[in-house]
Amino acid sequence: MSSIERFANPTRFMRLQTAVQPWVWMITLALFSVGLFLGLTRAPADYQQGETVRIMYVHVPAAWSALMVYTVMAVASIVGIVFRHPLADIAAKAAAPIGAAFCFLALATGSLWGKPMWGTWWVWDARLTSMFVLLLLYLGYMAIWQAIDDPRRASRIAAIVAIVGFINVPIVKFSVDWWYSLHQPASVFRTDGPTIHPSILTPLLIMGLAYSFLFLALHLVAIRSEIGARRIRQTELARTGALQ
Amino acid sequence: MDFSAPHMGFVISSYAITFAVLGALAWWIFARARWVTRRLKQLDDEGAQRRRTSGQREP
């Protein structure tokens with residue numbers, strides 16, 4: 001049995017999920033507590049933006065997480081297509097609503113940050129537009145699962161959409177470098193290192209970790225539900241077949 | 001944090017919308033998990049069997 005099969009076995013996954021779930025939630029809550037405490041009380045206000053800069057501690061991790069979750073979906077979709085293991089499709093499907101929520105939050109909090117700083121709620125520049133396209137990809141991916149009854153057919157089509165749509169992830173990341181944008185350029189993940197002072201960078205990274213652990217915590221529950229939902233479907237199909 | 005600073009409404013709104021959306025997302029995921037667990041138990045109590053076609057793997 002390959003390592004992928006060993007870790008992707010649904011029954012083994014359920015046992016693992018039950019064991020790690022409380023720890024993941026505890027780490028999530030601890031990271032949010034520390035990140036919010038540092039970000040809201042210890043980090044200084046920006047010399048230009050003032051207190052408005054604190055929107056960064058919820059906006060930037062939401063944007064990072066939206067990109068990370070889509071990457072998880074694309075990788076799971078590739079694994080689903082190549083190894084044909086149903087848990088990969090389940091993992092991709094379960095991640096989509098969480099990623100969509102993060103993406104929506106990145107857009108909404110970005111808009112709330114943009115109004116006082118740029119003087120506008122929205123502008124169709126490269127970063128904002130590519131992020132909006134990411135939200136549409138999430139919604140489209142979820143719509144495919146809703147629209148197609150046969151899970152195997154839905155998983156194939158949804159996987160293709162997730163993999164093709166992944167092209168948008170580097171576009172979002174590098175949009176501020178490739179095109180003129182109102183959005184500021186990258187200041188954390190740069191080849192020459194972060195340009196943010198540690199007093200601001202530390203809470204930002206902790207909040208980034210908090211969002212990642214929140215995703216993990218919610219994703220584990222969502223995967224378990226999806227496994228259960230498929231078992232329900234199989235049972236109900238068997239019952240319908242037995243009645244006929 | 002200075003609550004009397006300009007644009008604090010935008011800061012507070014950002015945190016409020018973040019916690020509202022993340023709270024709603026967590027509630028929805030847990031509500032679905034509860035429904036699935038309840039329904040599986042119900043089917044189990046009724047003694048229902050799952051359909052297994054040849055070559056089809058779990059789940």
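Below, each value reflects all heavy atoms present in this structure, side chains not excepted, and no hydrogens, waters or symmetry copies. Lettering follows sequence order; numbering is per chain, from 1. Since the structure is predicted, the reported quantities are computational estimates derived from the model, not experimental observations.
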Colleague: Check whether A/Y211 gets within reach of chain B through its side chain, its backbone, both or neither, counting any heavy atom under 4.5 Å.
Modeller: side chain
Colleague: Working to the nearest 0.5 angstrom, can you tell me the gap between A/L112 CG and B/H7 NE2?
Modeller: 12.5 Å
Colleague: With only heavy atoms counted, which part of A/L105 is less than 4.5 Å from chain B, the side chain, the backbone, both or neither?
Modeller: side chain
Colleague: To the nearest 0.5 Å, what is the distance between CZ on A/F32 and CG on B/L22?
Modeller: 6.0 Å
Colleague: Is it the case that atom CH2 in B/W27 sees more than 12 heavy atoms from other parts of the structure closer than 6.0 Å?
Modeller: no
Colleague: Measure distances from A/L214 to the heavy atoms of chain B and classify the residue's part below 4.5 Å as side chain, backbone, both or neither.
Modeller: side chain
Colleague: Considering all heavy atoms of both residues, which atom of B/R32 and which atom of A/A229 are nearest to each other, and what is their separation?
Modeller: NH2-CB, 3.5 Å
Colleague: What residue, out of A/T52, A/L218, A/I55, has the most heavy-atom pairs lying under 4.5 Å from chain B?
Modeller: A/I55
Colleague: What is the minimum heavy-atom distance between B/V21 and A/A101, and which atoms define it?
Modeller: CG1-CB, 4.1 Å
Colleague: Side chain, backbone, both or neither: which part of B/F19 has a heavy atom under 4.5 Å from chain A?
Modeller: side chain
Colleague: Is it the side chain or the backbone of A/A45 that comes within 4.5 Å of chain B heavy atoms, both, or neither?
Modeller: neither
Colleague: Locate the shortest heavy-atom distance separating A/E51 from B/V11; write the atom from each residue and the value.
Modeller: O-CG2, 3.7 Å
Colleague: Decide if atom CH2 of A/W118 counts as having more than 12 heavy atoms of other residues, nucleotides or ligands within a radius under 6.0 Å.
Modeller: yes
Colleague: List for me each residue that meets side-chain contact (heavy atoms from CB on, under 4.5 Å) alongside A/L205, sequence neighbours excluded, and say none if there are none.
Modeller: A/W64, A/V188, A/L201
Colleague: State the OG1-CZ distance between A/T235 and B/R39, to the nearest 0.5 angstrom.
Modeller: 8.5 Å
Colleague: Output, in order, the C-alpha distance, side-chain angles, deciding distance and verdict of side chain to side chain contact (heavy atoms under 4.5 Å, CB included) for A/R231 and B/L43.
Modeller: CA-CA 10 Å; A/R231 287 180 176 167; B/L43 288 168; over 6 Å; no
Colleague: Given heavy-atom pairs under 4.5 angstrom as the criterion, report whether the side chain, backbone, both or neither of A/Y57 touches chain B.
Modeller: both
Colleague: Search all heavy atoms of B/I29 against all heavy atoms of A/S225 and return the closest pair with its distance.
Modeller: O-OG, 4.3 Å
Colleague: Tell me the closest heavy-atom pair linking A/R54 and B/Y15, and the distance in Å.
Modeller: O-OH, 2.6 Å
Colleague: List the atom of A/A108, the atom of B/I17, and the distance in Å for their closest heavy-atom pair.
Modeller: CB-CD1, 3.9 Å
Colleague: Please classify the contact of B/L25 with chain A as side chain, backbone, both or neither, using a heavy-atom distance under 4.5 Å.
Modeller: side chain
